[in-house]
Amino acid sequence: MALFSAFQTIFLLALLSLKTYQSEVLSEPLSLAPESLEVSIDSARQCLHLQWSVHNLAYHQELKMVFQIEISRIKTSNVIWVENYSTTVKRNQVLRWSWESKLPLECAKHSVRMRGAVDDAQVPELRFWSNWTSWEEVDVQSSLGHDPLFVFPKDKLVEEGSNVTICYVSRSHQNNISCYLEGVRMHGEQLDPNVCVFHLKNVPFIRETGTNIYCKADRGDVIKGIVLFVSKVFEEPKDFSCETRDLKTLNCTWAPGSDAGLLTQLSQSYTLFESFSGKKTLCKHKSWCDWQVPPDSQEMYNFTLTAENYLRKRSVHLLFNLTHRVHPMAPFNVFVKNVSAANATMTWKVHSIGNYSTLLCQIELYGEGKVIQQNVSVKVNGKHLMKKLEPSTEYAAQVRCANANHFWKWSEWTRRNFTTAEAAPSEAPDVWRNVKSVQGHCVVTLFWKPLSKLQANGKILFYNVVLENLDRPSTLKLLSIPAPANGTELTLDQCSYQIRVTANNSVGTSPASVIAVSGDPGNKEVEEERVRGTEDGFCLSWKPQPGDVTGYVVEWCERPGDPLCDLQWKNLGPNTTSTVVSSDAFRPGVRYNFRIYGISTERIPYLLEKKTGYSQELVPSDNPQVLMSNLTSYSFTLSWKDYAAESQPGFVRGYSLYLKSKAARCLPGSEKAVLSDDSICCKYKIDNPKQKTFVVENLQPASFYEFFLTPYTSVGEGPQGAFTKVTTPDEYSHILIRVILPMIFSILLIMILCYLKSQWMKEKCYPDIPDPYKSSVLSLIKSKENPRLTIMNVKDCIPDAIEVINKQEGTRKSLTETEPTKPTYLYLLPTEKSHSGPGPCICFENFTYNQAASDSASCGHVPVTPKAQPQLGLLTSSENGPKALGKNYVNSLGEIPAGETNLNYVSQLASPMCGDKSSLPTNPPEPALCSEYKTQMAIPMGLASPPSITLLDEGEHDH
Amino acid sequence: MDLRAGDSWGMLACLCAVLWHLPAVPALNRTGDPGPGPSIQKTYDLTRYLEHQLRSLAGTYLNYLGPPFNEPDFNPPRLGAETLPRATVNLDVWRSLNDKLRLTQNYEAYSHLLCYLRGLDRQAATAELRRSLAHFCTSLQGLLGSIAGVMAALGYPLPQPLPGTEPTRAPGPAHSDFLQKMDDFWLLKELQTWLWRSAKDFNRLKKKTQPPPAAVTLHLEAHGF
């Protein structure tokens with residue numbers, strides 16, 4: 001074992017001596033190793049900056065070398081980065097290399113070493129690595145201070161979408177540290193017991209004040225945080241373009257991208273680099289930059305625009321030929337010269353774009369709504385003749401130019417306005433007339449339409465009207481009417497004139513418009529036809545005229561209701577037989593009347609046809625006032641004769657009569673209809689618009705009806721109005737009237753007759769009773785017989801009659817069986833008033849029960865002959881007072897006239913007590929009175945004192 | 001404390017009260033000398049109004065800073081805010097303060113806070129936030145003038161700022177953005193505490209100088225962040 005160890009030692013020594021020999025032999029190449037390696041840190045950028053040099057190079061010797069750099073983290077064995085850096089090396093040149101760490105440098109200790117090798121074809125023998133330098137340690141943590149907690153990186157600025165690594169460094173092992181991103185706890189990777197690392201991927205932009213990240217210990221008031229500023233992605237410039245206007249300066253423009261969106265905006269710089277010339281300029285503006293074109297006429301340009309901010313650099317390129325990017329200046333010294341009615345010349349100048357370049361200029365002429373475009377090639381001075389212009393018209397001419405060889409952009413327009421000169425009016429004015437005859441004179445109203453701008457060729461100053469009397473052709477009359485009149489009124493002594501109208505401007509006169517008026521105004525009666533208007537107007541047609549017609553004129557009023565009428569006309573050629581009249585003035589519901597005239601060869605218009613119509617018919621605006629008449633039980637008549645159907649906003653085609661009744665079925669001639677208020681009624685349709693009366697028939701007597709009449713046009717019916725109520729009379733009322741009226745009339749007639757013939761009537765019906773005192777007999781008696789003899793006063797007692805009864809003895813019959821005997825009365829005196837006179841003496845008879853009494857002749861009835869009646873009556877009147885009284889009573893009860901003779905029975909119960917039926921229940925008759933009839937005398941109850949009979953005096957007896 | 005926007009009726013009442021009393025605030029109306037009583041009352045009302053105004057402003061500003069500064073329970077240590085005048089004080093010490101010292105502390109505190117607040121104004125990005133901050137600064141300037149008026153009425157001299165000690169908001173190069181946000185947070189919090197304390201201060205002064213006025217007396221609870 002000892003031997004083995006001794007052998008091993010000898011072998012190692014031999015090997016070492018061999019190595020030393022080799023080093024001495026190859027000492028020359030080994031001297032090209034990196035030396036003086038220094039490592040510095042940039043915490044903000046998380047960068048390690050290395051600098052070194054290679055000393056053993058000969059003077060002026062330059063070699064290409066490659067340096068291999070190794071970076072380890074925490075411990076040297078943990079190599080995290082190896083990179084070969086190639087560069088050209090000079091003697092004692094300080095070489096620099098930087099490395100950006102993803103992990104903040106404060107989070108862990110880093111170590112760096114490097115070695116070099118010649119990588120040059122000149123010295124291929126030296127292509128081998130030198131020795132490694134010693135490890136250079138970078139330990140930021142040791143210089144952090146004594147705070148218990150740190151969070152790194154401090155206030156880092158990154159772009160949206162980046163990945164960021166964060167760490168905390170804690171000085172205490174006992175503390176449990178928790179970290180939060182925007183208030184949300186993060187979970188990291190423990191790098192060592194004091195350091196924890198958090199990897200944030202694809203960080204978003206949250207707010208302009210940055211994203212807050214903080215860590216805190218669970219014990220103590222330790223809290224540390226950082227703000228991670230996340231900017232929006234820096235965009236590259238867009239629409240990068242360069243052009244020149246004068247071949248002296250290039251103007252480059254671009255659209256910068258959106259800003260970073262941070263509280264403190266990241267500064268952006270724009271640099272313009274031209275690779276052919278190698279020139280570079282820092283642009284002062286964010287979106288444009290000027291580049292001075294050198295006088296050596298460089299044609300090709302290759303520009304690189306570099307936009308840069310703290311985080312990123314963006315570049316765009318542009319390669320172009322300068323002459324292809326010429327944007328000429330606007331033409332100058334632009335004039336319009338030699339302006340006539342039809343021509344004008346435009347001249348201008350352009351800025352030169354080189355000795356051999358030609359400009360293409362574009363001229364645009366605006367006028368009368370038209371655009372004329374023409375192109376002209378120009379070197380320096382431009383000229384263009386504008387032809388076929390309209391007289392007296394405003395034009396605008398403008399010119400712009402571009403490089404004719406390599407078109408890039410048009411220049412701006414340069415514009416000039418001008419007006420062409422006037423010319424004589426080209427067309428005759430359109431003239432029409434209206435002829436009226438007023439007090440033997442012919443009043444002609446002339447109308448003409450103003451000439452259009454194209455026809456007028458200038459400003460119309462006046463119109464000349466020349467009147468030529470057709471009867472005396474040599475007589476001319478000239479009227480000059482200043483513009484802008486569009487008509488005039490002429491009063492002519494006769495109507496045979498030819499009228500010529502011309503329009504005049506400052507240059508000349510238009511052709512004349514000729515119209516003639518004759519004695520016949522042409523307003524002959526022709527039948528009016530209806531035409532149907534549409535939205536496009538009225539389509540009018542007429543029959544062609546057989547004779548020579550030079551044309552037709554259609555005339556109408558645009559405001560028919562207006563006194564001014566606004567007369568319009570339309571001239572049409574001789575071969576035209578139809579036209580469409582349209583106007584914006586046509587309104588729905590207005591009736592327009594059209595007259596069609598033919599124009600004779602003598603230019604005299606004569607009326608051919610009349611048309612009337614509506615551009616659009618409407619429903620009637622109002623309903624007629626309906627009068628009702630001839631009301632009977634079964635019909636009534638309606639009339640609306642005052643209704644003006646012509647003034648309605650449509651042709652009235654007829655009338656609709658609505659009738660409401662309680663009957664469920666409609667009458668013949670009508671049909672059911674539903675009104676707007678959903679009520680149902682019967683509808684009569686009157687198709688004839690000229691019919692202004694209507695008889696509603698087949699009605700029911702004594703029934704209630706409601707009716708409503710409305711006209712209708714082709715569009716519909718008139719407005720819904722109120723219904724008129726009507727009730728048919730009773731069927732018999734007229735019959736009653738027919739009977740009662742004649743009766744009343746007859747009675748009145750009779751009364752009048754009676755009044756007029758009262759004397760006659762008196763004599764016939766109730767003649768005067770002769771007064772004995774005034775009789776001549778009385779005077780005779782007084783003088784010859786007895787002077788004391790006087791005439792009995794009739795008032796004392798007047799016997800009515802003397803009854804003579806033919807009694808048959810021995811026969812007694814019952815009341816029913818008894819055949820009445822016919823009494824014979826002897827009328828003594830005619831009684832005028834049986835009641836008003838003094839109480840008569842009545843002889844009461846009763847042959848039913850009191851035969852004895854009758855026999856006893858207590859009544860003193862004396863059969864007498866009628867001849868002896870007057871005298872006898874006078875003598876016996878005082879003795880038979882009670883009988884007479886009784887008879888009077890019977891008469892007064894039975895209201896039997898004195899002349900009636902067949903009343904033989906007077907009821908025994910005919911006393912006021914028993915005969916009054918109404919008093920029967922309360923005052924029943926005395927049984928003695930009714931069952932046992934004793935007195936046979938009827939005496940008033942209040943006065944009777946039976947059985948004695950007392951004569952009544954006059955006053956008490958009177959009823 | 002909570003700086004939440006809300007209680008608009010309370011704010012309206014405060015605003016009305018302040019507007020009602022504003023013409024008589026000595027800082028704004030120095031023509032008359034109504035004595036310290038009304039001035040103290042009006043200064044008290046103004047602190048109440050500013051307290052409410054600050055709630056709205058702080059809510060907006062802390063949202064602008066982002067979490068965790070706008071979280072209700074965020075209560076970080078007072079790290080970089082040592083230069084801010086501290087409102088919290090021992091209760092016994094506070095009770096033992098005399099009127100002059102009490103007013104002087106208030107005046108000095110608001111003078112400093114106003115300077116810091118103006119720095120905040122320059123920092124703000126949005127126009128609306130800048131407008132709100134400028135409005136609040138004007139109101140705070142009014143409060144400072146009002147306190148000066150009370151001190152003048154009581155015959156106390158105004159504290160003179162030492163030359164070169166004007167507080168600025170220019171952080172050093174080591175001052176990170178997170179610490180800057182923390183400072184902003186503490187500025188607003190300290191301002192809220194000061195307004196709350198001032199209300200107590202002026203209430204105490206008011207009781208000492210005069211019987212309670214018949215005018216509007218607002219009782220409002222101070223809320224934390």
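Per chain, numbering begins at 1; letters A, B, ... match sequence-line order. As a basis for the values below, the full set of heavy atoms in this structure was taken, side chains included, without hydrogen atoms, waters or symmetry mates. Computed from a predicted structure; not experimentally measured.
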*Asks:* Looking only at heavy atoms, what is the nearest atom pair of Y64(B) and E208(A), with distance?
*Replies:*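 Nearest pair, atom of Y64(B) first, then E208(A): CE1-OE2, 3.5 Å.
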
*Asks:* Between V227(A) and Q180(B), does the side chain to side chain contact (heavy atoms under 4.5 Å, CB included) criterion hold? Intermediate values first, please.
*Replies:* CA-CA 10 Å; V227(A) 178; Q180(B) 185 64 61; over 6 Å; no

*Asks:* Please give me the minimum heavy-atom distance between N212(A) and P67(B), naming the atom from each residue.
*Replies:*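 For N212(A) and P67(B), the tightest heavy-atom pair comes out as ND2-O, 2.7 Å.
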
*Asks:* Looking only at non-hydrogen atoms, find the nearest pair between P68(B) and Y214(A) and report the distance.
*Replies:*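 What the structure gives for the nearest pair is CG-CE2, 3.1 Å.
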
*Asks:* Return yes when atom CD of E128(B) has more than 12 non-hydrogen atoms of other residues, nucleotides or ligands closer than 6.0 Å, and no otherwise.
*Replies:*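 Result for CD/E128(B): open.
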
*Asks:* Decide yes or no for F178(B) and L228(A): does some side-chain heavy atom of the first lie under 4.5 Å from some side-chain heavy atom of the second?
*Replies:*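 F178(B) does not reach L228(A) side chain to side chain.
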
*Asks:* Side chain, backbone, both or neither: which part of I206(A) has a heavy atom under 4.5 Å from chain B?
*Replies:*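 Neither part.
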
*Asks:* Can F229(A) and D177(B) be said to form a side chain to side chain contact (heavy atoms under 4.5 Å, CB included), step by step?
*Replies:* CA-CA 10 Å; F229(A) 290 99; D177(B) 285 295; 3.2 Å; yes

*Asks:* Could you list the residues that satisfy ring-ring contact (aromatic ring centres under 6.0 Å, His included) with F202(B), not counting sequence neighbours?
*Replies:*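 Not a single residue meets the ring-ring contact (aromatic ring centres under 6.0 Å, His included) criterion with F202(B).
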
*Asks:* Could you tell me which non-hydrogen atom of G225(A) sits nearest to which non-hydrogen atom of S176(B), and how far apart they are?
*Replies:*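 The pair with the smallest heavy-atom distance is O-OG, 4.5 Å.
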
*Asks:* With a cut-off of 6.0 Å (strictly less than), are more than 12 heavy atoms of other residues, nucleotides or ligands near NZ of K156(A)?
*Replies:*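 Atom NZ in K156(A) is packed in, count exceeds 12.
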
*Asks:* Considering non-hydrogen atoms only, spot the tightest contact between R207(A) and N63(B) and give its length.
*Replies:*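 Taking R207(A) first and N63(B) second, the nearest heavy atoms are NE-O, 4.2 Å.
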
*Asks:* Tell me if the NZ atom of K238(A) is crowded by more than 12 foreign heavy atoms within 6.0 Å.
*Replies:*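 Enclosed.
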
*Asks:* Pick one of side chain, backbone, both or neither for N70(B), based on which atoms fall under 4.5 Å of a heavy atom in chain A.
*Replies:*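 Neither the backbone nor the side chain of N70(B) comes within 4.5 Å of chain A.
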
*Asks:* Show, in sequence, the C-alpha distance, side-chain angles and deciding distance for F69(B) and T209(A), and conclude whether the side chain to side chain contact (heavy atoms under 4.5 Å, CB included) test is met.
*Replies:* CA-CA 12 Å; F69(B) 303 102; T209(A) 55; over 6 Å; no

*Asks:* Got a second to check how far K224(A)'s NZ is from L179(B)'s CG, nearest 0.5 Å?
*Replies:*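 So the NZ of K224(A) and the CG of L179(B) are separated by 7.5 Å.
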
